[in-house]
Student: 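Before we start, here is the structure in question, set down as structure tokens.
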Number of protein chains: 2
Amino acid sequence: MKTLKIPEATIIRLSVYSRYLTEVDRKGIVTISSGEIAEGVGVSPAQVRKDLAYFGEFGTRGVGYNVKDLRRHILKILGLSVDWSVTLVGLGNLGLALTTYKGFRERGFIITSIFDTDPGKAATKINGVDVMPLERLVEVVKQNRTQIGIITVPAAAAQDIADMMVKAGVQAILNFAPVVLNVPAEIELRNVDLAVNLEVLTFNIGAQRF
Amino acid sequence: MKTLKIPEATIIRLSVYSRYLTEVDRKGIVTISSGEIAEGVGVSPAQVRKDLAYFGEFGTRGVGYNVKDLRRHILKILGLSVDWSVTLVGLGNLGLALTTYKGFRERGFIITSIFDTDPGKAATKINGVDVMPLERLVEVVKQNRTQIGIITVPAAAAQDIADMMVKAGVQAILNFAPVVLNVPAEIELRNVDLAVNLEVLTFNIGAQRF
DNA sequence: GATAGATAGTGATATAATGAACAATAAAAA
DNA sequence: TTTTTATTGTTCATTATATCACTATCTATC
């Protein structure tokens with residue numbers, strides 16, 4: 001049981017590798033080299049091997065990696081060999097987009113409950129999942145043993161929702177509200193700020209100024 | 001004209017600082033220290049000063065930073081002192097969510113054209129912007145001198161759209177399709193993979209295994 | 001069975017990012 | 001006017017990450 005620190009960049013790349021391997025596997029290719037993976041996803045071959053080396057030896061020297069095996073190993077590493085129960089709060093346009101996003105279910109993320117303050121919305125059903133009022137969040141999420149929460153409410157409401165999710169026992173939160181949330185250290189928190197992504201682009205476009 | 005390399009992490013933090021400063025400014029606070037900013041956004045004070053130091057001296061020793069001034073400086077650095085013309089391709093749920101996302105317009109990102117293959121969609125109007133068929137993409141984007149493209153089409157179609165955007169002269173692409181795109185080196189490309197974000201969380205939840 | 005060619009795994013090295021410490025300096029107090 | 005206090009800007013040390021170059025070893029061929 002090594003307690004080696006794994007860079008987050010490595011995790012992100014593993015996720016990309018697995019996606020690429022799914023594609024390669026679909027084409028019926030059986031074996032692949034680190035160089036070919038590197039080519040396919042835009043990194044160096046050494047990087048691919050280093051990333052995998054954190055977790056074991058998955059290849060055969062002189063030959064390469066078995067596509068199906070490597071894919072399965074990476075999915076296991078990422079925790080995707082089992083399904084995850086996800087709750088989503090905030091059924092605006094973004095929330096609606098995420099509840100119907102096929103990429104989540106494909107990777108084993110099942111949205112098991114949806115919450116919104118709007119009583120009109122809280123009567124509807126999305127993909128067979130009832131939309132419920134916020135008051136029921138803690139109860140339902142606890143009951144379902146939901147591990148992951150997605151926040152797609154306005155910035156001003158996000159901290160309250162995060163608090164409820166923590167109270168309900170989620171282990172991780174994916175936050176789309178453009179605000180810094182405070183959660184206990186044992187809760188995994190990730191922020192996706194859509195505007196920030198555009199701002200990195202505009203900075204880079206104008207970066208010759210510096 | 002320094003040609004100093006700026007870490008991308010710095011740019012992302014600057015974006016967060018500016019958001020936080022907007023909030024602080026709204027409360028009428030005039031002066032702020034690096035420590036207070038650090039507290040507000042969850043980084044170290046030294047990190048805040050380091051990030052700013054790449055671009056100049058914006059504070060006063062013994063005093064701190066003027067909130068309005070610093071905010072304006074950062075927005076300038078990020079290229080947000082002017083508006084940007086953005087085109088969005090792929091009016092699914094995610095595309096629809098992004099076209100109506102208020103956070104973009106607030107920061108000066110104006111969606112000036114929308115494209116979709118579906119002839120039904122290509123007759124509608126979102127936020128006063130006509131939805132047009134793909135055939136018109138190159139022409140319209142050129143005409144508008146649109147600098148940024150957002151891709152929200154399925155993975156299989158994404159490369160074609162990217163090619164069209166490049167042909168039409170965009171300088172940067174924000175790609176939401178879960179696929180690695182090939183674009184010329186001079187085009188700024190950023191990928192937002194929603195599933196990857198959840199996968200980093202599930203890895204971290206289960207990370208005690210390593 | 002020996003040899004050549006290919007490719008994984010890995011230790012050493014280089015680069016980048018972060019953190020800690022401190023000198024410089026402005027404002028407030030004495 | 002001098003001293004004290006606060007806080008920036010910057011240097012130096014540390015840590016983290018990526019790259020390079022080498023070794024080990026597998027398969028196929030002679």
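Because only heavy atoms are used, hydrogens play no part in the values below, and waters and symmetry mates are left out as well, while side chains stay in. Below, read A as the first sequence line, B as the second, and so on, with proteins coming before strands; counting in each chain starts at 1.
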Student: Given C:dT7, is OP1 or OP2 found less than 4.0 Å from the side-chain N or O atoms of A:Ser34?
Tutor: no
Student: B:Lys50 or B:Glu36: which one's nearest nucleotide on DNA chain D is closer to the 5' end?
Tutor: B:Glu36
Student: Round to the nearest Å and state the distance from A:Arg49 atom CZ to D:dA18 atom P.
Tutor: 15 Å
Student: Mind calculating the distance between CD1 (A:Ile11) and P (D:dT17) to the nearest angstrom?
Tutor: 11 Å
Student: Are OP1 or OP2 of D:dT19 and a side-chain N or O of A:Ser44 less than 4.0 angstrom apart?
Tutor: yes
Student: Measure from CG on B:Asp51 to P on C:dA16 and round the result to the nearest Å.
Tutor: 17 Å
Student: Regarding B:Gln147 and B:Ser85, do their side chains bring together a donor and an acceptor under 3.5 Å, going by distance alone?
Tutor: no
Student: Without decimals, in angstroms, what is the distance between B:Phe55 CZ and D:dG9 P?
Tutor: 14 Å
Student: Please identify which of these residues, A:Lys142, A:Gln143, A:Arg136, meets the side-chain hydrogen bond (donor to acceptor under 3.5 Å, both in side chains) condition with A:Glu139.
Tutor: A:Arg136
Student: Has the side chain of B:Arg61 got a donor or acceptor atom sitting under 3.5 Å from an opposite partner on the base of D:dG9?
Tutor: no
Student: Check whether any side-chain N or O of B:Arg13 sits under 4.0 Å from OP1 or OP2 of C:dA17, and answer yes or no.
Tutor: no
Student: Rounded to whole Å, please give me the gap between CZ in B:Phe58 and P in D:dG9.
Tutor: 9 Å
Student: Would you say A:Tyr54 places a side-chain N or O within less than 4.0 Å of OP1 or OP2 belonging to C:dG9?
Tutor: no
Student: Rounded to the nearest Å, what distance is computed from the CD1 atom of residue A:Ile32 to the P atom of nucleotide C:dA6?
Tutor: 18 Å
Student: Rounded to whole Å, how long is the line connecting atom OH of B:Tyr65 with atom P of C:dT25?
Tutor: 16 Å
Student: So, is B:Gln47 near the phosphate of C:dG19, with a side-chain N or O under 4.0 Å from OP1 or OP2?
Tutor: yes
Student: Could you state the CG-P distance from A:Leu70 to C:dA8, rounded to the nearest angstrom?
Tutor: 10 Å
Student: Within this structure, what is the CG-OG distance for the pair A:Leu70 and A:Ser18, rounded to the nearest 0.5 Å?
Tutor: 9.5 Å
Student: Side chains of B:Asp51 and B:Tyr17: donor-acceptor distance under 3.5 Å anywhere?
Tutor: yes
Student: Looking at C:dA26, D:dT27, C:dT7, which one has an atom nearest to any side-chain atom of B:Thr60?
Tutor: C:dA26
Student: Does a donor on one side chain sit under 3.5 Å from an acceptor on the other, for A:Arg71 and A:Thr22?
Tutor: yes
